[in-house]
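Take a look at the structure set out below.
Bear in mind the structure is a predicted one, so any value in this text is a computation, not a measurement.
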Amino acid sequence: MEHRAAGQGAAEQAARYAEQVQDLRARLEDLERRHRAWAAGAEGERLVGEVLDQLVPRGWRVLHDVHWPGRQRANIDHLAVGPGGVVVVDSKNWSGPVDVQADTVRAGGRSKAGELAGVRDAAAAVTAHLPPRRRTTVAGVLCLVQQEVPPRTVAGVTVVGRAHLADALTALPAVLSPAAVDATAAELHRLTSRRTPPTPTTADLARTRAATRELPARARSTARRPATRPATRPAVTGSVRRALARFLLAVVLLAVASAALPALVTSVAAAVTAGVAEHLPRPAAPEPAAPQPPAP
């Protein structure tokens, strides 16, 4: 008979609840981290939006929090349209020092190459929906909310601190007239106010070309590995091949026989007739008639 200690059942139940509490606490910490990140992002977009809105009296048109053309759920933080062209602005409210290098950006010791690629993709998506004469006016900007960073081009993207953003945009060479600014802003507002189907962009083409350039290196690395036979359809066995050959031979012989059968039948019939005629008795030749006496 098993003897249980006093309170053992309650202790086991308490242990089960303790595990649930730990799981809930971990889930709560994860939700709190997500909340802080989204709240910081929202505050960063608000601060950058205030800077961009100050450009409106100087001939710029600004759109905030718009749909990313060609994507169902993604959005673009800001679109600024002005004399300097169309500028796609992505706000990043990163805390701590940010190291802007020649080919990448690092924050918290981690590379932010993915964020730079996101800005390029957003700019390419906007470019794909503009008329051809406007496509060269699009630029991508990654704006650092908390860091004082002068404008610097990194991997095709202008990285700039919030304090320098307005000056960086107004310093762009004029490429759009006031009428073109209004028309382009209106078209982008119409485009980004609703979701649009996917559209191939220059960024997609660049990724395709990069993958093509990587093929030789991948081929060399693949050559070092044991070759594996690709999956194919089951091979035809020898018995099946022989059966097919016999079937085809029979078809050919049948066709030849069908073509030669009438002549063969005629020849056989003639031969049989001739053979039978040789064995039949021949009729006797008629006797000559007796001469008649002359008339008196």
Side-chain angles (χ1 to χ4, degrees), residues 41-69 74-94 98 100-102 104-105 107 112 115-193 201-203:
E43 178 64 11
E45 292 182 25
R46 185 188 67 80
L47 294 173
V48 172
E50 289 180 351
V51 173
L52 294 174
D53 289 340
Q54 296 173 6
L55 297 177
V56 173
R58 305 172 69 174
W60 287 76
R61 303 293 179 262
V62 182
L63 303 174
H64 304 294
D65 197 18
V66 297
H67 287 298
W68 183 315
N75 75 319
I76 294 176
D77 293 347
H78 316 277
L79 281 177
V81 185
V86 179
V87 182
V88 178
V89 182
D90 188 17
S91 304
K92 293 302 179 185
N93 195 5
W94 295 330
V98 174
V100 181
Q101 301 176 358
T104 190
V105 175
K112 298 299 181 180
E115 283 72 6
L116 293 172
V119 178
R120 290 195 302 271
D121 290 348
V126 172
T127 301
H129 289 81
L130 289 178
R133 66 182 182 279
R134 300 278 187 257
R135 292 178 181 174
T136 58
T137 66
V138 182
V141 171
L142 190 148
C143 182
L144 302 174
V145 178
Q146 300 186 33
Q147 289 77 23
E148 295 287 337
V149 177
R152 184 172 180 180
T153 301
V154 180
V157 175
T158 299
V159 180
V160 60
R162 176 170 55 96
H164 301 277
L165 178 61
D167 293 338
L169 267 60
T170 56
L172 292 172
V175 293
L176 296 179
S177 65
V181 169
D182 291 337
T184 304
E187 175 62 21
L188 289 176
H189 181 268
R190 182 194 63 81
L191 173 68
T192 58
S193 297
T201 66
T202 54

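Not a single side chain to side chain donor-acceptor pair (under 3.5 Å) links Gln147 to another residue, sequence neighbours left out. Every residue two or more places apart in sequence or in another chain that forms a side chain to side chain donor-acceptor pair (under 3.5 Å) with Asn75 is listed here: Asp65. Judged as a side-chain contact (heavy atoms from CB on, under 4.5 Å), and not counting sequence neighbours, Ala42 has no contacts. Checked against side-chain contact (heavy atoms from CB on, under 4.5 Å), Asn93 has the following partners two or more places apart in sequence or in another chain: Ala40, Glu43, Val145, Gln146. Under the ring pair (Phe, Tyr, Trp, His ring centres under 6.0 Å) criterion, His164 pairs with no residue at all, not counting sequence neighbours. A search for side-chain contact (heavy atoms from CB on, under 4.5 Å) contacts involving Val51 returns Arg162, Leu165, Ala166, not counting sequence neighbours. Annotation: side chain to side chain donor-acceptor pair (under 3.5 Å) contacts of Glu50 (sequence neighbours excluded): Arg46. Residues passing the side-chain contact (heavy atoms from CB on, under 4.5 Å) test with Arg133 are Pro131, sequence neighbours excluded. Under the side chain to side chain donor-acceptor pair (under 3.5 Å) criterion, Gln54 pairs with no residue at all, not counting sequence neighbours.
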Notebook entry, point to check: Which is it for Val105 and Val98 under the side chain to side chain contact (heavy atoms under 4.5 Å, CB included) test, yes or no, and what are the steps along the way?
Noted result: CA-CA 7 Å; Val105 175; Val98 174; 3.5 Å; yes
Next item on the list: Take Trp60 and Asp53 through the side chain to side chain contact (heavy atoms under 4.5 Å, CB included) test and state the conclusion after the steps.
Entry: CA-CA 8 Å; Trp60 287 76; Asp53 289 340; over 6 Å; no
Next item on the list: Would you please test Glu115 and Leu142 for side chain to side chain contact (heavy atoms under 4.5 Å, CB included) and show each step?
Entry: CA-CA 8 Å; Glu115 283 72 6; Leu142 190 148; 4.2 Å; yes
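Considering every non-hydrogen atom in both Pro83 and Gly59, the closest pair reads CD-O, 3.7 Å. Residue Leu191 comes nearest to Pro69 through the heavy atom pair CD2-CG, 3.9 Å, listed as atom of the first residue, atom of the second, then distance. Here the shortest heavy-atom pairing between Val181 and Val81 reads CG1-O, 3.6 Å. Contact record, Val126 with Val88: CG2-CG2, 4.0 Å, taken as the closest heavy-atom pair. Of all non-hydrogen atoms in Lys112 and Thr104, the two that sit nearest each other are N-OG1, 4.2 Å. When all heavy atoms are compared, the tightest approach of Ala125 to Trp68 is CB-NE1, 3.3 Å.
In this structure the side chain of His64 never reaches within 4.5 angstrom of the side chain of Glu45, judged on heavy atoms. Looking at Val159 and Leu116, their side chains come closer than 4.5 Å, going by heavy atoms from C-beta outward. Here the side chains of Leu130 and Thr184 are in contact, with some heavy-atom distance below 4.5 Å. Side-chain contact between Val87 and Leu79 is absent, with no heavy atoms from C-beta onward closer than 4.5 Å. Here the side chains of Thr158 and Val119 are not in contact, with every heavy-atom distance at 4.5 Å or above. Two residues are said to be in side-chain contact when any heavy atoms from C-beta on lie closer than 4.5 Å; Thr137 and Leu176 meet this criterion. Inter-residue side-chain proximity for Leu63 and Thr192 is flagged as met; some heavy-atom pair is nearer than 4.5 Å. Side-chain contact between Val48 and Asp77: absent, with no pair of heavy atoms (C-beta onward) separated by less than 4.5 Å.
The side chain to side chain donor-acceptor pair (under 3.5 Å) analysis of residues 172-183, with sequence neighbours excluded, yields the pairs Arg61-Asp182. Applying the salt bridge (Lys or Arg N to Asp or Glu O under 4.0 Å) test to every pair with at least one member in residues 82-92, sequence neighbours left out, gives these pairs: Asp90-Lys92.
Between His67 and Ser193, the side chains place no donor N or O within less than 3.5 Å of an acceptor N or O (distance only, hydrogens not considered).
Annotation: the span from Asp167 atom CG to Leu169 atom CG amounts to 9.5 Å, rounded to 0.5 Å. Annotation: the span from Leu52 atom CG to Leu47 atom CG amounts to 11.5 Å, rounded to 0.5 Å. Note: Arg135 CZ to His129 NE2 = 9.5 Å, rounded to the nearest 0.5 Å.
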All N/O donor-acceptor pairs, side-chain side in residues 148-155, below 3.5 Å, sequence neighbours left out:
unit_1	atom_1	unit_2	atom_2	d
Arg152	NH1	Val100	O	2.9

